[in-house]
Amino acid sequence: MNMNIFNHFQNIIIEIIKETFPDVDLDKSLLERITAESPRDPAHGDMATNASMILTKPLKTKPRDIAEKLVKKLNEVDDIQSAEIAGPGFINLRLSLSFWHRTLDIILDSGLKWGASDLGKGEKVNVEYVSANPTGPLHVAHGRGAVIGDVLANILTKVGYDVTKEYYVNDAGGQIDVLAKTLFLRYKEVATGEKVEIPEGLYPGEYMIDVAKKLHEQQGDSLLNKSEEEYMPILREFGIDSMLDLIKSDLALAGIKHDVFTSERSIVGRNLVEKALLDLENQGLIYEGVLEPPKGKKLDDWEARPQTLFKSTEYGDDVDRAVKKSDGTWTYFAPDIAYHYDKYNRGFKHIIDILGADHGGYVKRIKAVVTALSKDQAHCDVRLCQMVKLLKGGEIYKMSKRSGNFITLEHVINQVGTGAFRFMMLSRKSDAMLDFDIDKVIEQSKDNPVFYVQYSHARCHSVLSLASEQGIASESLLSGSDLSLLTAESELALIKKLSELPRILEQAGISRETQRIHYYVVELASVFHSLWNTGSSDSKLRFIIDGEPELTKARLSLVLATKNVLKSSLDVMGVKAINELKSNTILE
RNA sequence: GCACCCAUAGCUCAGCUGGAUAGAGCAACUGCCUUCUAAGCAGUAGGUCACAAGUUCGAAUCUUGUUGGGUGUACCA
């Protein structure tokens, strides 16, 4: 059986259609539109299909007439308890109890692997995320892209892709000179003890002082006597290394570890820029030209000048893009072309870039590059992460990297905890802006979904450990429980929710929408809390029933399955599941 | 000007790539603790899915306009 029960029944339905209408040639794209999904209203059953509506046109028959034929055969399927026609021609399926019990059994057997699938067929995917310039610590906006990229990579891994988590280090551009110059001033400050004013345009952040101190420890006063030409390479090197260490420790704090760091300097050093541009040139996509001045924005210093351009308009971009500056050096874009060329040559046909919304204007040209360089063999998917509005008690925290007093990622995570931070970063789709109120995330109330979900996991743990202590049932004793004893509506609702995970992960992977797993885990917690409370109003529905060891074991099995699914969902989110909630603890 | 994104209950947001009577949470109101954690549950009330056309059996979802907000807009990265 396909782990994704919706695909499973979709296949069954399609087979039945082929049997029922053998003379009609139904093409694949049409059959793919035939769905099996859970109806909005549970009163409509467990599964609904739109098959007869889709088939109306090719069969030139009324939907209800088609449905009647299909229903007859669907009713013969073992796992289908009943199939009936409803509304404009939907077929509602009610699945048998034994099907649900068998599904629960599979979920229990799968343990933390439940939800995994082979959708990706082991294909290679490169997910590039964060890629912040090595000029300072990460701030909160970086944190959003970081979590979304990380979780998307986790999801894709879970659904069967061979995923590489990657960080592109912009260590070759002008901002590195700015970094080095700033570092020199701070170094001078440390060495001479004289207060230094950081001029406009350099990085005023105080983090540079610590770096300068370390530099001074290593080099003493020796750099003071050197010429700029001599000390700049040393400072660049030291600055980049220090900043990368800083960034990596921020990432570690956020629970993120990239597989690969690719440096811009190494791309340039391997002459990949020349190679990639030659490839484009051979395709006639590089030319010398003059761009029009941009409209709607005053540019006092604009002047027409010939530049080396990439014909990105060929692939849907708004204007062609410069790859060389007027002084003949590469633009930022050129090494990035080479970098994507490198990704493709490393065998990635699925390339995903997670960027900040402020890079929105960059999307079309980078997609154009990948399409051109791969001759349409690779696909580049760019996800933009909208800004995070950081609040504390309703008041806005302004973040500006230039000012130097921006709110760092470290600062925020230290206040709310890694788990809560990640959980909240996944609460909105990446296209939409996100409000993040530090006070609310710390708040230990039902207002806070992190606690709601963790509480459900803690409850699972609590029952299971209680049962274990009482010797009623340990986890090992639970295997082989008679799951058919689970017949209450609330129990079945939980089994059904558990069974959805594979589909949720597949769809999150396909659509690259990480918020889906967030909402799933909240829903799952809700269904579990609901079941828990049926035991409050009716003691016969509690998990542990004196004198009924078999029933108790069956129910505890369901609890165990729930605990596992909660945990594996949280694992994908990079959030640590918690066994016991204590007051005043920050979630890790 | 142009490009990309957003607009759903009083507030914060879901809505399973086009399905049935649009759903949660918060706030409001009503119930449920001699109970495996009430940090929870059940219920009531709350809607012109920004607006207008179009596509079709069927639209919050797709197309095109319009309005309002965000972001970006040569030789920065």
Side-chain angles (χ1 to χ4, degrees), chain A residues 6 33 35 37-41 44 48 50 53-54 56-57 62-63 86-90 92 133 135 170 172-176 178 264 290-297 299 301-305 307 309 317-319 321-322 324-327 329 331-333 336 356-364 384 386-387 427-433 435 437 440 444-449 451-452 454-456 458-459 462-467 470 500 503-504 507-508 510-511 513 515-516 518-520 522-523 525-526 528-537 539 542-544 559 580-581 583:
Chain A
F6 300 92
R33 284 170 53 215
T35 58
E37 48 191 15
S38 48
R40 219 182 286 269
D41 186 349
H44 292 142
N50 58 356
M53 268 106 75
I54 298 290
T56 300
K57 243 182 196 169
K62 283 181 196 164
F90 286 101
N92 291 333
N133 288 340
T135 56
N170 291 121
Q175 80 282 2
I176 297 301
V178 176
E264 182 181 352
V290 180
L291 291 175
E292 296 282 308
K295 290 170 183 170
K297 197 193 175 192
L299 285 170
D301 58 343
W302 190 88
E303 55 179 271
R305 60 170 74 93
Q307 287 175 305
L309 302 169
D317 201 355
D318 310 308
V319 288
R321 305 293 177 175
K324 273 188 186 175
K325 301 177 198 169
S326 51
D327 64 4
T329 60
T331 60
Y332 166 80
F333 185 37
D336 212 10
D358 53 342
H359 290 70
Y362 203 68
V363 176
K364 285 180 181 173
L384 294 177
Q386 289 295 327
M387 310 195 316
S427 65
R428 297 275 270 127
K429 63 177 107 174
S430 60
D431 314 305
M433 288 195 292
D435 286 359
D437 193 315
K440 264 192 180 169
Q444 307 204 355
S445 75
K446 50 195 162 184
D447 205 357
N448 186 348
F451 281 85
Y452 184 78
Q454 292 288 12
Y455 183 39
S456 68
R459 275 181 154 177
S462 157
V463 189
L464 290 170
S465 63
L466 184 86
Q470 295 180 358
E500 286 176 16
R503 159 177 250 225
I504 297 291
Q507 288 183 331
I510 291 166
S511 61
E513 289 185 353
Q515 82 281 2
R516 295 190 190 206
H518 173 283
Y519 286 99
Y520 171 73
V522 172
E523 282 169 23
S526 169
F528 180 72
H529 283 310
S530 181
L531 172 61
W532 180 288
N533 270 82
T534 59
S536 297
S537 52
S539 61
R542 298 179 64 168
F543 297 118
I544 299 170
V559 174
E580 276 178 82
L581 294 183
S583 56

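Note that the structure is predicted; figures quoted are calculated from it, not measured. Per chain, numbering begins at 1; letters A, B, ... match sequence-line order.
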The nucleotide from B/A42, B/C75, B/U17 with an atom nearest the side chain of A/Glu37 is B/U17
Identify whether any heavy atom of A/Lys364 sits under 4.0 Å from a base atom; if not, whether one sits that close to sugar-phosphate; answer base, sugar-phosphate or nothing.
-> sugar-phosphate
Base, sugar-phosphate, or nothing: which does A/Asn50 touch, judged by heavy atoms less than 4.0 Å apart?
-> base
What integer number of Å spans the P atoms of B/C4 and B/A9?
-> 26 Å
Give the ring-plane orientation class for A/Phe543 versus A/Phe528, where under 30° counts as parallel, over 60° as perpendicular and anything between as tilted.
-> parallel
Describe the nucleic acid contact of A/Gln515 in one word from base, sugar-phosphate, nothing, applying a heavy-atom distance below 4.0 Å.
-> sugar-phosphate
Checking B/A60, B/C5, B/U73 against the side chain of A/Gln386 (C-beta onward), the nearest is B/C5
What is the nucleic acid contact for A/Tyr362, judged by heavy atoms within less than 4.0 Å: base, sugar-phosphate only, or nothing?
-> base
Answer with base, sugar-phosphate or nothing: what part of the nucleic acid does A/Ala357 contact at a heavy-atom distance below 4.0 Å?
-> sugar-phosphate
Watson-Crick or G-U stems of RNA chain B, 3 or more pairs, under 3.5 Å, by first number | B:1-7 with B:67-73, B:10-13 with B:23-26, B:28-32 with B:40-44, B:50-54 with B:62-66
Just checking A/Phe90: base, sugar-phosphate only, or nothing, at a heavy-atom cut-off of under 4.0 Å?
-> base
B/C75, B/U12, B/A39: which one has an atom nearest the side-chain heavy atoms of A/Asp435?
-> B/U12
What about the rings of A/His529 and A/Tyr455, do their centers lie closer together than 6.0 Å?
-> yes
If you pin A/Ala86 and A/Lys325 to their nearest nucleotides in RNA chain B, which one's is more 5'?
-> A/Ala86
Would you verify whether the NZ or CZ of A/Arg503 falls within 45 degrees of the ring axis of A/Phe6 while also being under 6.0 Å from that six-membered ring's centre?
-> yes
Between the side chain of A/Glu500 and the main-chain N/O of A/Ser38, is any donor-acceptor distance below 3.5 Å?
-> no
Please list, pair by pair, any protein nitrogen or oxygen found under 3.5 Å from a nitrogen or oxygen in nucleotides 30-36 of chain B.
residue: B/U35; atom: N3; partner: A/Ser536; partner atom: O; Å: 3.3
residue: B/C36; atom: O5'; partner: A/Arg542; partner atom: NH2; Å: 3.4
residue: B/C36; atom: O4'; partner: A/Arg542; partner atom: NH2; Å: 3.1
residue: B/C36; atom: N4; partner: A/Trp532; partner atom: O; Å: 3.1

Presence of A/Lys429 side-chain N/O under 4.0 Å of B/U17 phosphate oxygens OP1/OP2 = no
Does B/C33 fall in syn (glycosidic angle within 90° of 0) or anti?
-> syn
Closest-nucleotide ordering on RNA chain B, the 5'-leading residue of A/Ser511 and A/Gln307 | A/Ser511
Mind checking A/Arg321 for me? I need base, sugar-phosphate or nothing, with any heavy atom below 4.0 Å counting as a touch.
-> nothing
Return the nearest nucleotide to the side chain of A/Lys57; candidates are B/C75, B/A22, B/U56.
-> B/U56
Sugar-phosphate, base or nothing in reach of A/Ser38, heavy atoms under 4.0 Å = base
So, is A/Tyr452 close to the B/C26 phosphate, meaning a side-chain N or O under 4.0 Å from OP1 or OP2?
-> no
Of the nucleotides B/A3, B/C41, B/G70, which has the atom closest to the A/Met433 side chain?
-> B/G70
A/Thr331 side chain vs A/Phe333 backbone, donor-acceptor pair below 3.5 Å | yes
Any donor-acceptor pair under 3.5 Å joining the side chain of A/Asp358 to the base of B/A77?
-> no
So, does A/Asp317 use its side chain to make a donor-acceptor pair with the main chain of A/Tyr362 at under 3.5 Å?
-> no
Please report the closest heavy-atom contact between A/Gln175 and A/Thr135, naming both atoms and the distance.
-> CG-CG2, 3.7 Å
Just checking A/Arg428: base, sugar-phosphate only, or nothing, at a heavy-atom cut-off of under 4.0 Å?
-> sugar-phosphate
Given B/A20, B/C13, B/A77, which nucleotide is nearest the side-chain atoms of A/His44?
-> B/A20
A/Asp437 near the nucleic acid: base, sugar-phosphate alone, or nothing, with a heavy-atom cut-off under 4.0 Å?
-> nothing
When you get a sec, tell me which of B/G19, B/A77, B/A39 is the closest nucleotide to the side chain of A/Arg40?
-> B/G19
